[in-house]
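Worth knowing before you read on, the calculation uses all heavy atoms, side chains too, and leaves out hydrogens, waters and symmetry mates.
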Amino acid sequence: MVKVIIDRIEGEMAVAEISEGKFVNLPMIFIPDASEGDCVEITTAKVSRFYFASIDDGRMTVLTPDGKYAMPTELMGEAKPGDPIVFNISRQETEKRKGKVSALMEKLFEDV
């Protein structure tokens with residue numbers, strides 16, 4: 001499983017942090033209900049609308065009902081070509097992260 005955090009949404013793309021300081025573009029077709037700050041888990045499944053098709057030039061190609069999308073291989077995780085891929089917004093992880101950020105902000109302003 002790969003986890004990314006949605007940093008911001010720019011039109012049809014979500015800019016997601018994949019690791020500290022590293023960002024990737026994730027097409028909104030995969031996560032239409034996502035908002036800034038959401039934690040998205042990318043996993044394989046038995047059935048999905050999206051399928052990992054191939055790896056070419058360091059990019060993975062994902063097939064969707066609307067066509068093909070190329071994304072960085074860092075989003076591949078354990079997936080292999082032919083695997084159905086699922087993009088889930090983890091509300092629990094998102095709320096946990098928001099709680100940590102709120103606590104840090106409170107501490108920061110408490111010391112001022």
At their closest point, which heavy atom of [X] faces which heavy atom of [Y], and how far apart are they?
X: Tyr51; Y: Gly82; answer: CD2-O, 4.0 Å
X: Pro81; Y: Ala53; answer: CB-O, 3.5 Å
X: Ile9; Y: Ser35; answer: CD1-CA, 4.1 Å

Would a hydrophobic clustering, with Ile, Leu, Val, Met, Phe, Trp and Tyr connected at side-chain separations under 4.5 Å, put [X] with [Y]?
X: Ile18; Y: Phe50; result: yes
X: Phe23; Y: Ile6; result: no
X: Val2; Y: Met71; result: yes
X: Met28; Y: Val4; result: yes

| task | Tell me, yes or no, whether the heavy-atom count around Arg59 atom CZ, taken from other residues, nucleotides or ligands under 6.0 Å, exceeds 12. | result |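 Atom CZ in Arg59 is packed in, count exceeds 12.
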
| request: Decide if atom CD of Glu78 counts as having more than 12 heavy atoms of other residues, nucleotides or ligands within a radius under 6.0 Å. | output: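 Counting other residues, nucleotides and ligands, CD of Glu78 stays at 12 neighbours or fewer.
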
| field | Thr44 side chain to Asp83 backbone, donor-acceptor under 3.5 Å | value |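 Flag not set: sc Thr44 to bb Asp83 has no pair under 3.5 Å.
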
| query | Considering the options Val24, Leu26, Asn25, which one meets the side chain to side chain contact (heavy atoms under 4.5 Å, CB included) requirement together with Met13? | reply |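 Only one option passes, and that is Asn25.
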
| message | When you compare the side chains of Ser54 and Asp56, does any donor N or O come within less than 3.5 Å of an acceptor on the partner? | response |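 Result is yes, a qualifying pair exists.
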
Would you say the side chain of [Y] lies within less than 4.5 Å of the side chain of [X], judging by non-hydrogen atoms?
X: Ile5; Y: Lys3; result: no
X: Pro65; Y: Arg49; result: yes
X: Ile29; Y: Asp66; result: yes
X: Lys68; Y: Thr64; result: no
X: Glu12; Y: Pro27; result: no
X: Thr43; Y: Ile85; result: no

| Ionic contact status for Lys96 with Glu93, cut-off 4.0 Å | yes

| Between Arg8 and Glu10, does at least one N-O distance fall below 4.0 Å, as a salt bridge requires? | yes

| field | Qualifying residues under salt bridge (charged side-chain N to carboxylate O under 4.0 Å, His left out), relative to Glu17, sequence neighbours excluded | value | none

Rounded at 0.5 Å granularity, tell me how far [atom1] in [X] sits from [atom2] in [Y].
X: Met76; Y: Thr73; atom1: CE; atom2: OG1; result: 5.5 Å
X: Phe52; Y: Met60; atom1: CZ; atom2: CE; result: 5.0 Å
X: Ser90; Y: Arg97; atom1: OG; atom2: CZ; result: 10.5 Å
X: Ile42; Y: Phe87; atom1: CD1; atom2: CZ; result: 5.0 Å

| task | Please work out whether the ring planes of Tyr69 and Phe30 are parallel, tilted or perpendicular, with thresholds of 30° and 60°. | result |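 Answer is perpendicular, since the angle exceeds 60°.
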
